Amino acid sequence: MPQFRYGLPQGDANRRWRVPPAIPSAPGDEVMEGLNVLDELPGEPGLVLWQALRDVLLWAGASPEARSGLFPAAAETARVAAMLAAPVPRELEPALMTLARLGARGLLEEPVALACREISQWLDERGLLASALAFAHAAASVAVGDAGAAFAVGRLARRRAENARAEAWFNRSVVLARQAGDWGTCVRAYMGLGVLHVQRGALPAARRARLRALRAARTGATPDYAALVLHDLFLLAVEMGDCARADEYAAAAYAAYSSTHARIPVLAHDVAYYWTTQGGFAHALPVLEGVLPRLPGERLCVLSVLARAAGGAGRRDRFDSAWDAVWSEIGNDAAGEKTAAVLLDLAHGAVSLKDWVRAEIAASQALALATARGEARVRLTAEALLDCAVHHRGVEARTRAARAAASDRAAAALAAELVSALSAA
């Protein structure tokens, strides 16, 4: 009779699908879980959320039998009073009311996990990523078998550049999803791993993750998932410089999408980006102009590629306007997940126009941000563009100095002759 653990037989054939352990927090956060909540939300609202988070983690770690005795009888009343006394946003009140009932006999895990995920989403929408991650982790700690909850932790950890933590939770999500036959979440978790590998510069590993995602999509997910994975494989082929595969995957993705699919503008953007990397600036520029109003949520990325295409096409006027718009947008998300790549596109466009000053500005900031976030691919390209810009700026400076010196000598000679002529007259 096989021994069961985590819901699967533990014979040799199933060892690879044991649920991997999850990293609970980033290095340095182990002393007291959730202190970042107090950093991002100072004052009474942050204190209420932090206390709720601590209570959830304590409740999640206890056995079902012990949970009703974890907190004193007056705990629920005290939690509600604290919530009402603090200026807690009204959108959070229903979720916090659920968490106030922790310790009540018969309270199920599902509403507790759902409340944590609602709070996490609210925090995420306001850019409070550390707090959002803390509540996503709390939800996954309660719903230990929920692949979607594990995926949410991995996604937020990746966005915060906590790469080891993100990888652990994505792998956990894959296994939980396979156990449950949740092929959609399995696909998303593999794709999350693929994005993480791309950011690290591990492109072969990213390709393996996406091919596994494609198999999972064809095994049990909807056709839309296969289209999404083919789309991502196209993007990866572009990154790897594999033009034959890029053309193949682009055609396959377009065929897999319906003609009215909401992702068609995204595919159009990505194909235009591909053309830009191949020097097809004239083809890419009008496509990007058409895409810009169709993807308001990706305006920053579209503008940066448009700037690169405009620079390559010699359209300095369009490059200038896109450059200004990108810097204005970046002001709201200076350390975002995509900012380093956006700055790299600006540097490419400036290099094409031989605008070495702006190329150096964009490349140097892309390099600093990519280094801080561990994005090896962006870092290496930024270094090359920065070296190019600095070299050409030096050459131009020396050329200008030589021309100025020659002009000064000629002017001095002419001045002497004019003075002599005037004296003789």
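Hydrogens, waters and symmetry mates are skipped; everything else that's a heavy atom, side chains included, is used. Because the structure is a prediction, the values reported are computed rather than measured.
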As a quick check of understanding, evaluate side-chain hydrogen bond (donor to acceptor under 3.5 Å, both in side chains) for Tyr274 and Asp247, giving each step before the final call. CA-CA 10 Å; Tyr274 169 53; Asp247 293 337; 3.0 Å; yes

Does this structure show an ion pair linking Glu109 with Arg67, if we count only N-O contacts that are shorter than 4.0 Å? yes

Do Asp55 and Gln51 pass the side-chain hydrogen bond (donor to acceptor under 3.5 Å, both in side chains) test, and can you show the C-alpha distance, the side-chain angles, and the key distance before you say yes or no? CA-CA 6 Å; Asp55 288 346; Gln51 186 60 61; 3.0 Å; yes

Among Arg160, Arg373, Gln199, whose side-chain hydrogen bond (donor to acceptor under 3.5 Å, both in side chains) with Glu337 holds? Gln199

Could you list the residues that satisfy side-chain contact (heavy atoms from CB on, under 4.5 Å) with Arg188, not counting sequence neighbours? Phe151, Thr185, Tyr225

Looking at Asp146 and Arg117, is there a salt bridge between them, counting it only when a charged N and a carboxylate O are closer than 4.0 Å? yes

From the list Asp345, Leu285, Val342, side chain to side chain contact (heavy atoms under 4.5 Å, CB included) partner of Arg308 resolves to Asp345

Please test Leu230 against Tyr254 for side-chain contact (heavy atoms from CB on, under 4.5 Å), starting from the C-alpha separation and ending with a verdict. CA-CA 9 Å; Leu230 287 165; Tyr254 183 71; over 6 Å; no

Pair Ser321, Arg318 - check side-chain hydrogen bond (donor to acceptor under 3.5 Å, both in side chains), show working. CA-CA 5 Å; Ser321 62; Arg318 194 63 187 95; 2.6 Å; yes

Looking only at heavy atoms, what is the nearest atom pair of Ala340 and Leu369, with distance? N-CD2, 3.6 Å

Sidechain N-carboxylate O distance under 4.0 Å for Arg379, Glu375: no

Quick one: salt bridge (charged side-chain N to carboxylate O under 4.0 Å, His left out) partners of Glu360, sequence neighbours excluded? Arg393

Start with the C-alpha distance between Leu49 and Phe135, add both sets of side-chain angles, then the distance that settles side-chain contact (heavy atoms from CB on, under 4.5 Å), and finish with yes or no. CA-CA 9 Å; Leu49 285 173; Phe135 274 94; 4.1 Å; yes

I'd like to know whether Ser173 forms a side-chain contact (heavy atoms from CB on, under 4.5 Å) with Trp169, so could you lay out the CA-CA distance, the side-chain angles of the two residues, the decisive distance to 0.1 Å, and finally the verdict. CA-CA 6 Å; Ser173 180; Trp169 280 96; over 6 Å; no

Give the minimum heavy-atom separation between Ala213 and Val187, together with the two atoms involved. O-CG2, 3.6 Å

Is there a side-chain contact (heavy atoms from CB on, under 4.5 Å) between Val238 and Trp275 once you walk through the steps? CA-CA 10 Å; Val238 171; Trp275 288 339; over 6 Å; no

Establish, for the pair Arg79 and Phe71, whether the NZ or CZ atom is under 6.0 angstrom from the six-membered ring centre and no further than 45 degrees off its axis. yes

